[in-house]
Amino acid sequence: MEEKSFEESLLKLEAIIRELEKGEVPLDDMVKKYTEAMHLVKFCSEKLNNATQTVNKILNEDGTLSDFTAE
């Protein structure tokens with residue numbers, strides 16, 4: 001699967017889900033689409049986790065990053 005943006009991947013995942021929910025997909029195609037959907041879920045999940053980790057960092061005065069904790 002080529003590298004797509006998070007947004008493109010999410011849109012593709014939503015399209016696959018809508019298609020599978022209709023129940024009109026032949027079994028072989030359904031398995032392929034399900035497999036593709038699971039790859040997209042993994043990709044999106046990793047992107048979100050990475051974004052969360054980045055957002056939860058704070059830039060210190062010396063230019064280094066450290067974990068952000070609220071007190």
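In this text the structure is predicted, and so the values were computed from the model without any measurement.
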**Asked** Take atom OH in Tyr34; do more than 12 heavy atoms of anything else shown fall under 6.0 Å from it?
**Response** no
**Item:** Where Val25 and Met30 come nearest, the two heavy atoms and their spacing
**Value:** CG1-N, 3.4 Å
**Asked** Does Glu8 have any salt bridge (Lys or Arg N to Asp or Glu O under 4.0 Å) partners at least two apart in sequence or in another chain, and if so, which?
**Response** none
**Request:** Go through the structure and list residues passing salt bridge (Lys or Arg N to Asp or Glu O under 4.0 Å) with Lys32, not counting sequence neighbours.
**Result:** none
**Prompt:** Partners of Asp62 by side-chain hydrogen bond (donor to acceptor under 3.5 Å, both in side chains), sequence neighbours excluded?
**Reply:** Thr64
**Prompt:** Which residues pass the side-chain hydrogen bond (donor to acceptor under 3.5 Å, both in side chains) test with Ser66, sequence neighbours left out?
**Reply:** Asn60
Let me check something: any side-chain donor-acceptor pairs from residues 40-54 under 3.5 Å, sequence neighbours excluded? List them with distances.
unit_1	atom_1	unit_2	atom_2	d
Asn49	ND2	Ser45	O	3.4
Asn50	ND2	Glu46	O	3.3
Thr52	OG1	Leu48	O	2.9
Thr54	OG1	Asn50	O	3.0

**Pairs meeting criterion salt bridge (Lys or Arg N to Asp or Glu O under 4.0 Å) with involvement of residues 14-26, two or more places apart** = Glu19-Lys33
